[in-house]
Amino acid sequence: MPLLRIDGLAHAFGPTKALAGASLEIRSGEIVALMGANGAGKSTLVNVLAGTLAADHGTMTLAGRPYAPRSPAEATDAGVVTVHQSTERVGAPGLSVADALLLHAYADGSAPFFLSRSAVRRKAAAMLENAGFALPLDRDFAELTAADRQLVAIARALSRQASLLILDEPTASISGRESERLYTILRRLRDDGLAILFISHRIADLNALADRAVVMRGGTVVGEFARPIDFDRAVETMIGRPLRAARPDARSFQGAPVLELAGVQLVAGSTPFDLKLHPGEVVAVTGVLGAGKSRLLQTIFGMRHLAAGTMRLDGKAYIPATPADAIKAGIFMAGEDRHRSSLMPADWPGSNLAPTISLPHLPKWYPLGFLLGSRERYEAQRAIDTLGIKASGPEAPMTSLSGGNQQKVILGRWNAEPSRVLLLDEPFQGVDVGARHDIITAIRANTERATLIATSDPEEALEVADRILIIDHHTLTPAHHAELPAEAIEA
Amino acid sequence: MTIINSENQSPLSERISAAVRASAVFILLIVMVTGFALAQPAYINVTNLMSILQAVSVVAILGAGVTITLAVGGFDLSIGAVAASSVMAASYSMIVWGLGVYETVPLVLLFGALVGLVNAFLIVRLRVPDLLATLAMMFLLTGLQLIPTAGRSISAGLILPDGSTATGAYDPAFLLIGRSSFFGVVPAPVVIMALVAIVLFVLTERTRLGRLLFATGGNELATRLAGASVPRLKTLAYVLSGTLASLGGIIVAARVGRGDVSSGASLLMDSVAAALIGFAVLGLRCPNVFGTIVGAVFVGLLLNGLTMLNAPYYTQDFVKGAVLVGALALTYGLGRSQAR
């Protein structure tokens, strides 16, 4: 008998059918991957399971009993625990890790009113013992990495007798090595009888974890794939059309470089390296978290200073002091995490599509300072047309766009004016496979400028780049990397 | 789950709630004015309406300054003190130094701009949190304005701390700023308020600079990465706010005709309230100059109407507070139910 049976689940937001009769079974002791493009209904399904949303129609059965949680607390009590993607909210700065582990016990009153440090520590240690992994109990929660915060959430879930653990993109913001550790932990939990449902699009996650992959599209389950999972077919099912060749032909570029870094040290004491970018070339830099990917891009964009070495742009010395200098010189950057680095909060002036595109170009488009005329709307419409952005028009609020379309708008912003070098930091975060294809095509179609992409996912690097470089300890290395096919790597 | 085109497809109930939110203040305004006019016909005549506008002009001008600092994600608590010390500065300049209107007005405006510059230095350079920096500046100015006259109010014939008597007087041309009317109908402060409102509305809504000011408040990092100078934008906002506060002080001085140490006591609270009521005016949930002006006028109409109906003066602060609570509940409470 399956642990969880979902039958004909439906939920509509207004006339938008987010879930349209989804059915699914999950057994104890198996790991199920949930795949789907943005808007396929994965998040809604997870929200219904987690008790944050109520289903309009359909039934759920958990361990033979009807299951319809009205709140996250009810879901947890029934044994369904969800670990959301943003793990900062698992604890709070100022709390020790032990406190963060016991936070739910403080909240539901199962912890005594007066707490002794040693008792807290003992209980937290027992939780970790039970979960089977170690965390630094006395550290401040704020000092934990995203991967460790996730483990805090998982340990808490296990201490509440979870029978079904739901993970939303568990490896999205952690490094390869940390992912390996998470895989090991999750596989052991599965062998102990826990059912795990996780959302992910990463081939590495699917290969390492999934016993089964369930693919959603248009609010229903459209396909199931048993192990070994055919990733390409799963993705085709997910986007509803055949994939073209996922890996582009590597083009080779000769001639004068656009940007040339010589003897560069990103931090004092690191090994100096050189880098040349040619017009039309797409270069990806990949490496673990903290290796210096973002730092390299930020240095070229004038947010940080070089510790040593020189940069030359089109043969001339290039020493940017601020992002404004870089933009003036024709070097554009779309930062990591679009919400933090590029977008305005919802409902704030300038949070619509057209102002999002025009923000860096205002001095050029409106030299007199008055926002007269329709340049902004025209440019926004052009981006919508050329990049295939799904939006109601130039005035559409950015929050009404899916993640992939938001990222297309960010690309449209930096495509709106000619540039020499485009720097993209993790441009595929929270972008579904379909939109990723469009973005890659658009990036590779530009032959005027060089594009430098920082990504922690080697698969993405392979999909987009002509040339892949590995960064480690703030130095670009020509060394081969176990995760990448040898022929894709050259210095 | 992100819903595409939620704007166009949202159900009727949500659209009604949005429409109510956008126009609630105007509906209330109409109901209120009609009610007062029925109860007291004198309420609606031009002279009374103009006197209401004159009464709110200073608050509206200061509120517009607060709105600009709110737009860059800051907050200027020093405006009330800037206005009050500007009253003292204007009086001191004319009565003690014997200067005329053409020296006094630029001098006082410069003083306000300078205070804004110091605020900006504390906030942008020294990274003091905005509320704390401007609160400290408020204290400093409240004390500073007492020092030159040893705590006395300034009027003609003032006896200075060194025992001598001040010889100057208020320039009659200066008094015109507060006391004259255009065509005998529109008081000068109302005209100044209208000009400030129009200029700042255009600045915030229709210029590149305004877009960047709001962008700074919305997402500082994104604004910097788009190539704008965030320190310069913040500095501009505080300088504007300080200058507008001193303009408010000039109007108060020209109306009162003397430098009272206690003037401008309630200006800070009233102008902040106007800016916050402004959030609700079009249901925008963010600072906007138009809303701030409407907010100031709204409070003015209400207080004047209540006074005409013989409501005692000591209920005024309660009424203002109630309006503010209502407006904020309207802004943030309604429409929260819609699933995001």
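Everything numeric here is computed off the predicted structure, so don't read it as measured data. The sequence lines fix the lettering, A, B, ..., with proteins before strands; numbering per chain opens at 1.
Interface remark: of the candidates A:S342, A:A324, A:P363, A:P363 forms the most heavy-atom pairs closer than 4.5 Å to chain B. Ranked by heavy-atom pairs shorter than 4.5 Å toward chain A, the options B:A226, B:G227, B:G210 are led by B:A226. Ranked by heavy-atom pairs shorter than 4.5 Å toward chain B, the options A:R413, A:R338, A:E376 are led by A:E376. With chain B as the partner, the residue from A:P355, A:G335, A:S358, A:G302 showing the most heavy-atom pairs under 4.5 Å is A:P355.
Heavy-atom distances place the side chain of A:W414, and not its backbone, under 4.5 Å from chain B. At a 4.5 Å heavy-atom cutoff, the contact between A:F301 and chain B is made by side-chain atoms alone. For B:L284, the part lying under 4.5 angstrom from a heavy atom of chain A is the backbone only. Neither the backbone nor the side chain of A:P320 comes within contact range of chain B; no heavy atoms are under 4.5 Å apart. With a 4.5 angstrom heavy-atom cutoff, A:H361 does not touch chain B via any of its atoms. Proximity to chain B (any heavy atom under 4.5 Å) is shown, for A:T322, by neither the backbone nor the side chain. With a threshold of 4.5 angstrom between heavy atoms, A:L359 approaches chain B through its backbone and through its side chain.
Side-chain contact between B:V202 and A:F370 is present, with heavy atoms from C-beta onward closer than 4.5 Å. Using a 4.5 Å heavy-atom cutoff, the side chains of A:P349 and B:R211 are not in contact.
In terms of the side-chain contact (heavy atoms from CB on, under 4.5 Å) criterion, residue partners of B:L117 (sequence neighbours excluded) are, by chain and number, B:T235, B:V239. Take A:R340 and apply the side-chain contact (heavy atoms from CB on, under 4.5 Å) test, not counting sequence neighbours, and it matches A:D337, B:L221.
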Please tabulate, for the side chains in residues 269-282 of chain B, all donor-acceptor contacts under 3.5 angstrom to protein atoms that are two or more places apart in sequence or on a different chain.
{"from": "B:D270", "atom 1": "OD1", "to": "B:K320", "atom 2": "NZ", "distance (Å)": "3.0"}
{"from": "B:D270", "atom 1": "OD2", "to": "B:K320", "atom 2": "NZ", "distance (Å)": "3.1"}
{"from": "B:S271", "atom 1": "OG", "to": "B:L267", "atom 2": "O", "distance (Å)": "2.7"}
{"from": "B:S271", "atom 1": "OG", "to": "B:L268", "atom 2": "O", "distance (Å)": "3.1"}

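To the nearest 0.5 Å, the span separating CZ on B:R206 from CG on A:L371 amounts to 8.5 Å. Taking CG of A:L362 as the reference point, atom CG of B:L209 lies at 10.5 Å (rounded to 0.5 Å).
Nearest heavy atoms, B:L225 versus A:M333: CD2-CE, 4.3 Å. For A:W348 against B:A71, the heavy-atom pair with the smallest separation is CZ2-O, 3.5 Å.
Residues of residues 212-220 of chain B lying within less than 4.5 angstrom of chain A, judged on heavy atoms, are B:L212, B:F214, B:A215, B:G217, B:G218, B:N219 in numerical order.
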